[in-house]
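Notes to accompany the following structure.
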Amino acid sequence: MKILFVLLIPLLIIPAFAESQILPTEKGTLDVKLTYDEIVPNIQTKINIDFINPQTQKIQEHIDYTVSVSKDGETVFGPIPLTHTSLGSVKIPIEFNLGEGVYTMNFNIEGILFQPIPAEAVSFDIVVGEAQAQPTTPPENTVNGENGGCLIATATYGSELSLQVQQLRELRDNTILATKSGTAFMTGFNQFYYSFSPAVADFEREQPIFKEIMKISLTPMLTSLSLLNHASINSEEEMLGYGISIVLLNIVMYAGIPVFGILKLYQLRKD
């Protein structure tokens, strides 16, 4: 939230014609991206699927996969037999014929570049109806830490295995989620974060210059958050105290220092 003013710029210029979600497979071998236009119940919709190499941030060719779609335990599509895509991108027409609500799209990835791999799964929630947009709540595995999910940091630093992304994950799992106030904060923050982070991450992959800008922008925040790794937090009061202090520190860094610099430049020009 502290770098919202930086993030708003790309959001204003990214076309809003399609919804987009991107999540890593269980072990982070691939990122899977879904893109689709507004979904209307009982109308066939084409779901665009891209399998992305998290190291290169490019489409990974030659993927073996299966996919299914269900709602409330009832299957509406698939599961299809093990299928190969040489391009690494496919379009699948699906009819969401069980009315409005949340549908689950499950993938199993079983081969890359003609080599079998232990199956890695990833699941997406697709909201159909008036609430159609990004999921109203982030996928569970992005909250409890089982599967990472820091989309912007992953796109910025190129991999879920990067030092910066692991630092954020460990801080979330070992410190913030260890308290009730931290858990409540993460629940609210995730609902906000996943409403825009897929679009920002996609823009980073398309614009290398913006990716470098994000690296510079994230450095002060990561530095301030690293202070929590050295703090002894044993109570809700301590979590709140440290949390508020970190927020205030970031406000000073991202807003106070630039404003002070502008005022000083203005004063020098007047003199």
Side-chain angles (χ1 to χ4, degrees), residues 1-25 28 30-38 48-59 89 122 124-127 132-139 141-143 145 147-169 171-172 176 185-225 246-247 250-251 253-255 258:
M1 295 178 67
K2 302 99 175 172
I3 57 171
L4 181 57
F5 67 96
V6 176
L7 302 177
L8 285 177
I9 296 174
L11 292 179
L12 293 176
I13 61 177
I14 294 175
F17 300 115
E19 303 297 338
S20 178
Q21 297 188 55
I22 182 169
L23 287 174
T25 55
L30 287 172
D31 292 335
V32 181
K33 176 183 176 182
L34 302 187
T35 308
Y36 45 90
D37 293 325
E38 181 178 359
N48 300 329
I49 304 161
D50 296 320
F51 298 98
I52 300 171
N53 184 317
Q55 304 297 326
T56 64
Q57 299 302 321
K58 295 181 179 180
I59 300 296
S89 295
V122 60
F124 293 84
D125 286 344
I126 298 177
V127 182
Q132 200 275 337
Q134 297 298 326
T136 54
T137 57
N141 52 11
T142 63
V143 177
N147 207 15
C150 191
L151 304 184
I152 293 176
T154 300
T156 300
Y157 297 104
S159 170
E160 284 218 337
L161 301 178
S162 68
L163 179 63
Q164 295 85 353
V165 176
Q166 291 191 57
Q167 174 190 336
L168 289 172
R169 186 182 298 115
L171 175 65
R172 178 196 63 194
I176 298 177
F185 168 78
M186 286 305 304
T187 299
F189 174 76
N190 280 332
Q191 291 180 350
F192 168 77
Y193 177 76
Y194 285 97
S195 68
F196 66 82
S197 58
V200 176
D202 287 345
F203 191 76
E204 285 192 69
R205 296 184 181 98
E206 296 168 1
Q207 302 291 335
I209 294 177
F210 179 67
K211 182 176 181 178
E212 295 304 314
I213 293 174
M214 286 300 299
K215 285 183 180 179
I216 297 172
S217 301
L218 288 174
T219 297
M221 184 185 70
L222 291 174
T223 302
S224 66
L225 289 175
I246 294 296
V247 170
N250 277 272
I251 289 175
M253 289 190 296
Y254 284 101

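Computation of the quantities below employed the complete heavy-atom set of this structure, encompassing side-chain atoms and omitting hydrogens, waters and symmetry-equivalent molecules. The residues of the chain are indexed from 1 along the displayed sequence. Every value quoted in this text rests on a predicted model; they were computed, and no experiment measured them.
- In plain terms, the two heavy atoms of T154 and Q57 that are nearest each other are O-NE2, 4.2 Å.
- No donor-acceptor distance shorter than 3.5 angstrom exists from the side chain of Q21 to the backbone of I126, with no hydrogens or angles considered.
- Nearest heavy atom pair, residue I59 against residue D50, reads CD1-CB, 3.6 Å.
- Closest of all the heavy-atom pairs between S20 and D202 is OG-OD2, 3.0 Å.
- Taking the side chain as every heavy atom from C-beta outward, I152 and F203 never approach each other to under 4.5 Å.
- Separating the OG1 atom in T219 from the CE atom in M214 is a distance of 10.0 Å, to the nearest 0.5 Å.
- Inter-residue side-chain proximity for L34 and I49 is flagged as met; some heavy-atom pair is nearer than 4.5 Å.
- The two residues V200 and F210 have their closest heavy-atom pair at CG1-CE2, 4.1 Å.
- A heavy-atom distance below 4.5 Å is not found between the side chains of Q207 and I213.
- The shortest distance between side-chain heavy atoms of D31 and K33 does not fall below 4.5 Å.
- If you take OG1 on T156 and NZ on K211, they are separated by 7.5 Å, rounding to the nearest 0.5 Å.
- No side-chain heavy atom of Y157 sits less than 4.5 Å from a side-chain heavy atom of L163.
- Under the 4.5 Å side-chain criterion, counting only non-hydrogen atoms from C-beta, V32 is not in contact with I22.
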